[in-house]
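Working notes for the structure below.
All of these numbers come straight from a predicted model, not from anything done at the bench.
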Amino acid sequence: MAEPERTERRLRPAPLLFEPSESVADPEHFFDLESIEDPRELLARATELTLAFRAAQDRAVEFQALAAAQLADPRRFDRLSPALIAEQAEWTEDYARKMIEFGETLQRGAGTP
């Protein structure tokens with residue numbers, strides 16, 4: 001993904017609406033999409049949600065990587081090994097190493113969230 005596109009997406013607020021707790025109990029209820037009758041409006045709102053969730057996922061992964069890099073930092077007296085980070089995050093050890101590397105890149109300023 002190109003960096004300028006990523007920056008542009010970050011500046012745009014995600015149109016996520018939090019659902020009331022009573023709505024969440026109904027498995028058929030999802031951000032009130034089931035109540036939209038016009039297919040064009042439904043497609044537009046569902047697309048907005050899809051893009052917002054993708055952006056949220058990208059940001060969450062970046063924060064996971066930052067946390068992994070911080071936890072593995074050799075300057076920390078309580079640093080964790082990639083194996084322990086993998087166990088805590090429910091990743092493979094190889095993926096934990098990659099996330100630590102990604103987090104270190106983010107820390108150096110090559111795309112800080």
Side-chain angles (χ1 to χ4, degrees):
M1 176 182 327
E3 189 64 32
E5 181 183 325
R6 225 170 103 195
T7 303
E8 179 184 321
R9 183 178 54 199
R10 274 203 200 132
L11 298 175
R12 193 179 73 214
L16 288 178
L17 303 173
F18 291 96
E19 298 191 275
S21 57
E22 66 271 2
S23 299
V24 176
D26 179 4
E28 296 300 314
H29 184 83
F30 186 74
F31 287 88
D32 211 27
L33 292 179
E34 69 286 344
S35 70
I36 300 174
E37 293 183 19
D38 177 9
R40 284 188 172 97
E41 184 182 341
L42 178 60
L43 179 60
R45 181 63 181 142
T47 300
E48 284 178 345
L49 286 169
T50 299
L51 294 174
F53 284 126
R54 284 181 188 155
Q57 178 189 9
D58 290 346
R59 292 279 289 158
V61 168
E62 289 175 348
F63 281 105
Q64 281 183 311
L66 283 170
Q70 290 170 1
L71 289 169
D73 188 335
R75 296 172 297 188
R76 288 178 62 111
F77 76 93
D78 60 345
R79 84 179 193 137
L80 298 180
S81 68
L84 287 173
I85 293 170
E87 183 181 323
Q88 184 174 344
E90 298 180 9
W91 297 332
T92 65
E93 190 172 341
D94 185 49
Y95 186 74
R97 282 191 192 94
K98 289 177 183 179
M99 288 294 279
I100 291 165
E101 277 182 36
F102 179 43
E104 290 168 347
T105 301
L106 291 172
Q107 286 176 328
R108 286 191 299 269
T112 307

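For the residue pair A96 and P82, the shortest heavy atom distance occurs at CB-O, 3.5 Å.
D78 meets the side-chain hydrogen bond (donor to acceptor under 3.5 Å, both in side chains) test with R76; sequence neighbours excluded. In this structure T47 satisfies the side-chain hydrogen bond (donor to acceptor under 3.5 Å, both in side chains) test with no other residue, sequence neighbours excluded. Annotation: side chain to side chain contact (heavy atoms under 4.5 Å, CB included) contacts of L84 (sequence neighbours excluded): L80, S81, E87. The salt bridge (charged side-chain N to carboxylate O under 4.0 Å, His left out) test applied to R40 returns no partner, not counting sequence neighbours.
Each ring-ring contact (aromatic ring centres under 6.0 Å, His included) pair with one or both residues in residues 66-88, not counting sequence neighbours, would appear here, but there are none. Among pairs with a residue in residues 97-106, those fulfilling salt bridge (charged side-chain N to carboxylate O under 4.0 Å, His left out) read E93-R97, D94-K98, at least two apart in sequence or across chains.
A distance-only check finds a donor-acceptor pair linking the side chain of E34 to the backbone of F30 [under 3.5 Å].
Annotation: the span from R54 atom CZ to L49 atom CG amounts to 11.5 Å, rounded to 0.5 Å. F63 contributes atom CZ, which lies 9.5 Å from atom CG of L106 (distance to the nearest 0.5 angstrom). If you take CG on L66 and CD1 on I100, they are separated by 12.0 Å, rounding to the nearest 0.5 Å. To the nearest 0.5 Å, atoms OG1 (T50) and CZ (R45) are separated by 10.0 Å. To the nearest 0.5 angstrom, R79 atom CZ is 9.0 Å from I85 atom CD1.
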Please step through side chain to side chain contact (heavy atoms under 4.5 Å, CB included) for the pair V61 and Q64, ending with a clear verdict. CA-CA 5 Å; V61 168; Q64 281 183 311; 4.0 Å; yes
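Taking 4.5 Å as the limit, some side-chain heavy atom of I36 sits within range of a side-chain heavy atom of L33.
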